[in-house]
Peer 1: 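Have a look at the structure that comes next, please.
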Number of protein chains: 2
Amino acid sequence: MSFEEEKKILTDYIQRNNLKISGQKLKILDSFLSSKKHITAEELYGIIKKKHKSIGIATVYRTLKLLCDSGICRILKLDDGVTRYEALYGHEHHDHLICANCGKVVEVYDKKIEELQLKIAKKHHFILKNHRLDMYGICSECKKKRIS
Amino acid sequence: MSFEEEKKILTDYIQRNNLKISGQKLKILDSFLSSKKHITAEELYGIIKKKHKSIGIATVYRTLKLLCDSGICRILKLDDGVTRYEALYGHEHHDHLICANCGKVVEVYDKKIEELQLKIAKKHHFILKNHRLDMYGICSECKKKRIS
DNA sequence: ATACCTGCAAATGTTTTGCGACTAA
DNA sequence: TTAGTCGCAAAACATTTGCAGGTAT
């Protein structure tokens with residue numbers, strides 16, 4: 001896989017902010033983009049460590065923060081309390097439908113809900129920047145298993 | 001202030017589960033209900049410690065968990081990463097409009113949004129249990145101060 | 001009496017930071 | 001050359017747990 005577009009976003013951001021590119025940053029970016037959605041720092045660290053044994057977890061944390069700052073990903077906190085990171089580029093805004101039993105996450109989008117949020121914000125004189133809508137329920141598979 | 005209703009909920013829950021009432025639990029309940037909304041364990045601990053110097057923070061955590069279990073409050077995690085607790089009794093469901101600059105939280109409710117969520121869940125064959133909608137923006141005061 | 005509860009301190013788990021050596025620009 | 005970066009270990013936090021003594025039922 002090649003992630004030229006994200007790489008460009010990152011290097012542009014790095015140059016604009018007088019930072020420096022490095023093999024570690026690119027490797028972390030690559031592993032992050034190749035990974036499943038909603039990955040934790042520890043999970044990503046585990047993946048990268050296989051190829052690049054000497055890397056430190058501090059570098060993973062530092063780079064994930066950099067990726068967020070540059071707009072490549074965003075932080076996602078669900079109710080389990082662990083911080084996860086979600087790729088943003090080429091990934092339209094969406095909300096989450098989460099199975100409270102098996103943890104499955106479905107990404108959903110509803111234009112009307114988005115509009116209603118803008119309306120609410122306007123009513124309260126807020127300039128809406130972003131939002132998070134996480135819906136918790138029981139998915140059909142878990143429902144069948146009668147676990148709930 | 002008296003919080004007889006919440007006290008009853010708690011003592012009922014305690015009796016049903018063969019637990020024991022204690023001065024600490026009641027003091028923590030009282031301080032929690034008297035406090036501002038969306039309090040953290042540390043903040044609550046600070047408040048209680050003024051009156052009841054010997055209390056331990058472990059007891060605060062244990063009691064907040066008990067309050068959640070008994071339905072008096074619920075956990076609320078915003079993007080700042082700290083766990084907050086929100087009173088539920090006499091407090092209908094609502095969503096949050098949060099100022100990304102000053103941290104102000106406005107509680108909002110929109111029936112249509114609630115309905116649309118049920119519809120989305122249904123479409124994906126989920127039984128919706130609950131949800132969290134947090135909208136982040138800039139409030140009118142901060143907007144005026146041109147901080148954003 | 002018997003569980004449960006408490007405060008304390010230690011343990012845990014996650015994320016951040018200080019540091020000396022290293023490296024990109 | 002000179003910042004920024006790295007890996008490491010230590011520190012910083014938030015939260016949980018083990019324990020020995022105390023307390024409600």
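All chains are named by letter (A, B, ...) in the order of the sequence lines, taking the proteins before the strands, and each is independently numbered beginning at 1. Everything quoted here is computed from the prediction, not taken from an experiment.
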Peer 1: Rounded to whole Å, how long is the line connecting atom CD1 of B/I75 with atom P of D/dA14?
Peer 2: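 Spelled out: CD1 on B/I75 to P on D/dA14 is 15 Å.
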Peer 1: Look up atom OG in B/S34 and atom CD1 in B/I39, then write down how far apart they are to the nearest 0.5 Å.
Peer 2: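 Spacing of OG (B/S34) from CD1 (B/I39) equals 9.5 Å.
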Peer 1: Using a heavy-atom cut-off of under 4.0 Å over every strand shown, decide if A/I57 touches base, sugar-phosphate, or nothing.
Peer 2: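 The residue A/I57 makes no contact with any strand.
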Peer 1: In whole angstrom, what separates A/K77's NZ from D/dA14's C1'?
Peer 2: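 Rounded to the whole Å, the gap is 11 Å.
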Peer 1: I would like to know whether B/N17 and B/D69 meet side-chain contact (heavy atoms from CB on, under 4.5 Å); could you show each step before the answer?
Peer 2: CA-CA 11 Å; B/N17 292 79; B/D69 291 346; over 6 Å; no
Peer 1: About how many Å separate NZ of A/K27 and OG1 of A/T63, when rounded to the nearest 0.5 Å?
Peer 2: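 Taking OG1 in A/T63 and NZ in A/K27, the distance rounds to 12.0 Å.
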Peer 1: Taking the side chain of B/E42 as its heavy atoms from C-beta onward, which of D/dC8, D/dT5, D/dT15 lies nearest to it?
Peer 2: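 So the nucleotide nearest the side chain must be D/dT15.
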Peer 1: Could you tell me the separation between the NZ atom of B/K77 and the CZ atom of B/R132, rounded to the nearest 0.5 Å?
Peer 2: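 One finds 9.0 Å between NZ of B/K77 and CZ of B/R132.
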Peer 1: Starting at CD of A/Q15 and ending at C1' of D/dG4, how long is that distance when rounded to a whole Å?
Peer 2: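 After rounding, the reported distance stands at 14 Å.
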Peer 1: Atom CG of B/N18 and atom P of D/dT25: how far apart are they, to the nearest Å?
Peer 2: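 My rounded result for the distance is 12 Å.
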Peer 1: Take atom CG of A/N17 and atom P of D/dA3, then tell me their distance rounded to the nearest Å.
Peer 2: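 Interatomic distance, CG of A/N17 to P of D/dA3: 17 Å.
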Peer 1: Rounded to the nearest 0.5 Å, how far does CG of B/L64 lie from OG1 of B/T59?
Peer 2: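 Nearest 0.5 Å value for the OG1-CG distance: 11.0 Å.
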Peer 1: Strictly below 4.0 Å: does B/Y61 bring a side-chain N or O up to OP1 or OP2 of D/dT15?
Peer 2: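 B/Y61 to D/dT15 OP1/OP2: side-chain N or O found under 4.0 Å.
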Peer 1: In the single-linkage hydrophobic clustering (I, L, V, M, F, W, Y; side-chain heavy atoms under 4.5 Å), do B/L33 and B/L76 co-cluster?
Peer 2: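 Shared cluster, no.
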Peer 1: Give one of base, sugar-phosphate or nothing for A/K65, where a contact means two heavy atoms less than 4.0 Å apart.
Peer 2: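 Sugar-phosphate: the residue A/K65, judged by heavy atoms under 4.0 Å, touches backbone atoms but no base.
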Peer 1: Can you check the B/L44 CG to D/dA14 P distance for me, whole Å?
Peer 2: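 After rounding, the gap between these two atoms is 15 Å.
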Peer 1: I'd like the 5' and 3' limits of the part of DNA chain C contacted by chain B, with heavy-atom contacts below 4.0 Å.
Peer 2: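 On DNA chain C, the outermost contacted nucleotides are C/dA3 to C/dC8.
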Peer 1: At what distance, to the nearest 0.5 angstrom, does CZ of B/R62 lie from CD of B/Q24?
Peer 2: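 Atom-to-atom, B/R62:CZ and B/Q24:CD are 10.0 Å apart.
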Peer 1: Return the 5'-most residue of the pair A/V82, B/V60 with respect to DNA chain C, ranking by each residue's nearest nucleotide.
Peer 2: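 Its nucleotide being nearer the 5' end, the pick is B/V60.
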Peer 1: Please check the phosphate of D/dA14 (OP1 and OP2 only) for any side-chain N or O of B/T83 closer than 4.0 Å.
Peer 2: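 No.
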Peer 1: Between the base of D/dG4 and the side chain of A/R62, is there a donor and acceptor pair under 3.5 angstrom?
Peer 2: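 For A/R62, whose side chain was compared with the base of D/dG4, there is no donor-acceptor pair (under 3.5 Å).
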Peer 1: What N/O pairs connect the protein and nucleotides 22-24 of chain D at under 3.5 Å? Give each pair on its own line.
Peer 2:
| from | atom 1 | to | atom 2 | distance (Å) |
| --- | --- | --- | --- | --- |
| D/dA24 | N3 | B/K20 | NZ | 3.3 |

Peer 1: Measuring from atom NE2 of B/H96 to atom NZ of B/K104, what distance do you get when rounded to the nearest 0.5 angstrom?
Peer 2: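 Going from the NE2 atom of B/H96 to the NZ atom of B/K104 covers 14.5 Å.
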